[in-house]
Protein chains: 2
Amino acid sequence: MDFFEQTGKVAIGSRLRMLTDKVTEDAANIYQLYNIDMQPKWFPVFYSLSQGEEKTITELAKAIGHSHPSVSKIIGEMLKKGYVQESRDKADGRRNVVSLTDAGRQVAYKIKDQLIDVDAAIEELSAQTQNKLWEAIGEWEFLLEQKTLLRRVMEKKKERDSAKVEIVAYKPEYQEIFRALNVEWISTYFEMEESDYKALDNPQGYILDKGGHILVALYEGEPLGVCALIKMNDEEYDFELAKMAVSPKAQGKNIGFLLASAIVEKAKSLGAAKIYLESNTILKPAINLYHKLGFKKVAGKPTPYTRCNIQMELVIG
Amino acid sequence: MDFFEQTGKVAIGSRLRMLTDKVTEDAANIYQLYNIDMQPKWFPVFYSLSQGEEKTITELAKAIGHSHPSVSKIIGEMLKKGYVQESRDKADGRRNVVSLTDAGRQVAYKIKDQLIDVDAAIEELSAQTQNKLWEAIGEWEFLLEQKTLLRRVMEKKKERDSAKVEIVAYKPEYQEIFRALNVEWISTYFEMEESDYKALDNPQGYILDKGGHILVALYEGEPLGVCALIKMNDEEYDFELAKMAVSPKAQGKNIGFLLASAIVEKAKSLGAAKIYLESNTILKPAINLYHKLGFKKVAGKPTPYTRCNIQMELVIG
DNA sequence: TAAATTTGTGTAACTGATTACGTAATTAAT
DNA sequence: ATTAATTACGTAATCAGTTACACAAATTTA
């Protein structure tokens, strides 16, 4: 299919499905060629039964990697053909123990030649290929087992998004956005408080002039996140991480992490030994983020904010 | 799946299906990750429309390799979402011309990042494999296009069957089977005739003693096919190929071909220049076989058999 | 130009799987 | 000894595709 060369590998699912169809297409005819009265979809169940002794529905399902209803249905069909027999386990009345009948075993014998020929045909086909499909499938199964495609894509997305994010120092032109982003989340979850207005209306005087810093995250040039590092008059803590806000429309772009990391780096470069922050446990993503950065829960600090129900600190190593 | 390592490659269809499922599984979540309101199964149609201009249902189906009802249904669903619009072709009232709406084009734009990330994720995954799945699929598509799996299996079956066939010279103990196999087919299609009895009841006197030969095909030691090379008193022909019979239960095992080839070889080794045969056109497989061996239709020879309606000869080169 | 064939499309039924759910039997926990 | 949780498995609904069929429009043939 030329189509797939255009789409790129995104379409690997579709392409796999079509190859599967093509390979499967002939299966029924191949059974006919050998005069074997069997449906292709029975094969895994049939094969599994022909190997060991009797098995239960669930055991079969696990062995061949199908769901149990699928096996249940297949067994029902094979039962009609007289290839298998069911019997209830005496020790455990739930279990349906299935085994091949004589007729089934006869088919198992007859099918051997077919298996040999199909195997040989595929082997010969494979010999003409540079890339071994069978082995490639095995490798994919293994790698997807370790990490799903979704996870892999998420990582790529994060990488790409991060590359678009630039963290810059505060300039007066960002005062507007610094205020707006913070007002947005505070008033969504809580009420604006006296201390909020002080800092947001006058970051220059309230934060920067007192030895603090503000960083702004630009996503493709647009300011979508802010965070402040406020100088504390405290014997224990040097700075407070505060007024962190990321635009809802930039969620999932890793901006929060990059911003907070940059703030921590900033503190480190200023020789800070301990950073403090206040938050609220209903802000789960934020708390998770702080955790990821190494912040630990502490208690007992007095705070001007009523919304604060958790306090954390980061010891800079 | 360990299971597949046991079954051998016969189960490649099943195994492919399961990998397809696993790869496809995450697709819906990936769209969600990018806030794209689209079903994975729409992708091929969507992509195809996003590339060129408007297309008809059948054009789309051909482009992406689906059946047209499948495309028809998908377009119906995308229509509801407002991603596409339909319009009847004025020049050809049967054609349903489909194109992306503005909303659709917007999604096409939004989806670009996703395509990049998925491609990168798969590329990275592939880099960890020895055998390239994408390329392997391409090679299989190409090879199956040239010759289906069924054909390949048929060839392997023929090879294996042929290896089990042994062609041996006539011995008196084969007289019974020589007679029985011939009576079987003759009386199925025609009536036994005077000349038949002469040859079948006394092959020694009627065929062998007059300088003819009989070959017997053994399939796993069991005599299942016979053929005679009868010396002719004729200025043109040296021998007649006759009394060829293969047991119905050995059909499809290539016995006829091996037997007739051996007879021709025999004639050649005896220095024959031309072989003659008589048959009937209702025996299609036999006529095909003679054709394959190089026999050509001739006419005008007198014959004792009423069932003969075709005469053929082979010029030995 | 009428009749036969081909083409484009939609609808219905089927297929081989799945997930969702219900129920009975067993096992674990209090 | 109940009660709760787990397990085995069957039935029903769903899913993403297919083939089969019907029908109208266009094209080819006689």
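Atoms considered below: every heavy atom in the structure, side chains included; atoms not considered: hydrogens, waters and symmetry mates. We name chains A, B, ... by the order of the sequence lines, and we start the count at 1 in each one.
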DNA chain C: first to last nucleotide in contact with chain B (atom under 4.0 angstrom from a heavy atom), 5' to 3', is C:dT7 to C:dA17
Got a sec, which residues hit salt bridge (charged side-chain N to carboxylate O under 4.0 Å, His left out) with B:Arg94, two or more places apart in sequence or on another chain? B:Asp92
Would the distance check show the side chain of A:Ser126 and the main-chain N or O of A:Ile122 forming a donor-acceptor pair, the cut-off being under 3.5 Å? yes
Here the side-chain hydrogen bond (donor to acceptor under 3.5 Å, both in side chains) pairs for residues 143-152 of chain B, sequence neighbours left out, are B:Lys147-B:Glu155
More than 12 heavy atoms from other groups under 6.0 Å of NZ on B:Lys132: yes
Which parts of residues 66-75 of chain A get close to DNA chain D, meaning a heavy atom less than 4.0 angstrom away? A:His68, A:Pro69, A:Ser72
Residue from A:Arg160, A:Met154, A:Glu159 passing side-chain contact (heavy atoms from CB on, under 4.5 Å) with A:Lys156: A:Glu159
Is it the case that B:Lys110 places NZ or CZ above or below the six-membered ring of B:Tyr34, under 6.0 angstrom from the centre and within 45 degrees of the axis? no
Please tell me which of A:Asp21 and A:Thr58 maps to the more 5' nucleotide of DNA chain D, matching each residue to the nucleotide holding its nearest heavy atom. A:Thr58
Contacts to DNA chain C from residues 22-29 of chain A, heavy-atom cutoff under 4.0 Å, which residues? none
Mind checking what makes side chain to side chain donor-acceptor pair (under 3.5 Å) contact with B:Gln85, not counting sequence neighbours? B:Ser99
At 10 degrees resolution, what angle do the end axes of the helix from C:dT1-D:dA30 to C:dT30-D:dA1 form when each is taken over five base pairs? 10°
Residues from residues 77-96 of chain A sitting under 4.0 Å of DNA chain C, heavy atoms only? A:Ala91, A:Asp92, A:Gly93, A:Arg94
Shortest non-hydrogen pair, B:Leu150 vs A:Asn29, comes out as CD2-CB, 3.7 Å
With sequence neighbours left out, what residues match B:Lys112 under side chain to side chain donor-acceptor pair (under 3.5 Å)? none
Under the salt bridge (charged side-chain N to carboxylate O under 4.0 Å, His left out) rule, what pairs show up with a residue in residues 40-54 of chain B, not counting sequence neighbours? B:Lys41-B:Glu77
Would the distance check show the side chain of A:Thr101 and the main-chain N or O of A:Gly82 forming a donor-acceptor pair, the cut-off being under 3.5 Å? yes
Salt bridge or not between B:Glu123 and A:Lys9? Use side-chain N to carboxylate O under 4.0 Å. yes
With a 3.5 Å cut-off and sequence neighbours excluded, list the donor-acceptor pairs that the side chains of residues 64-75 of chain B form with protein atoms.
residue : atom : partner : partner atom : Å
B:His66 : ND1  : B:Ser70 : OG           : 3.0
B:His66 : NE2  : A:Arg17 : NH2          : 3.1

In this structure, how many angstroms lie between the P atom of D:dT14 and the NZ atom of B:Lys41, rounded? 14 Å
Tell me every residue that passes side chain to side chain donor-acceptor pair (under 3.5 Å) with B:Tyr219, counting only those two or more places apart in sequence or in another chain. B:Asp161
Please report the shortest heavy-atom distance between B:Asn280 and B:Ile310, naming the atom on each side. N-CG2, 3.7 Å
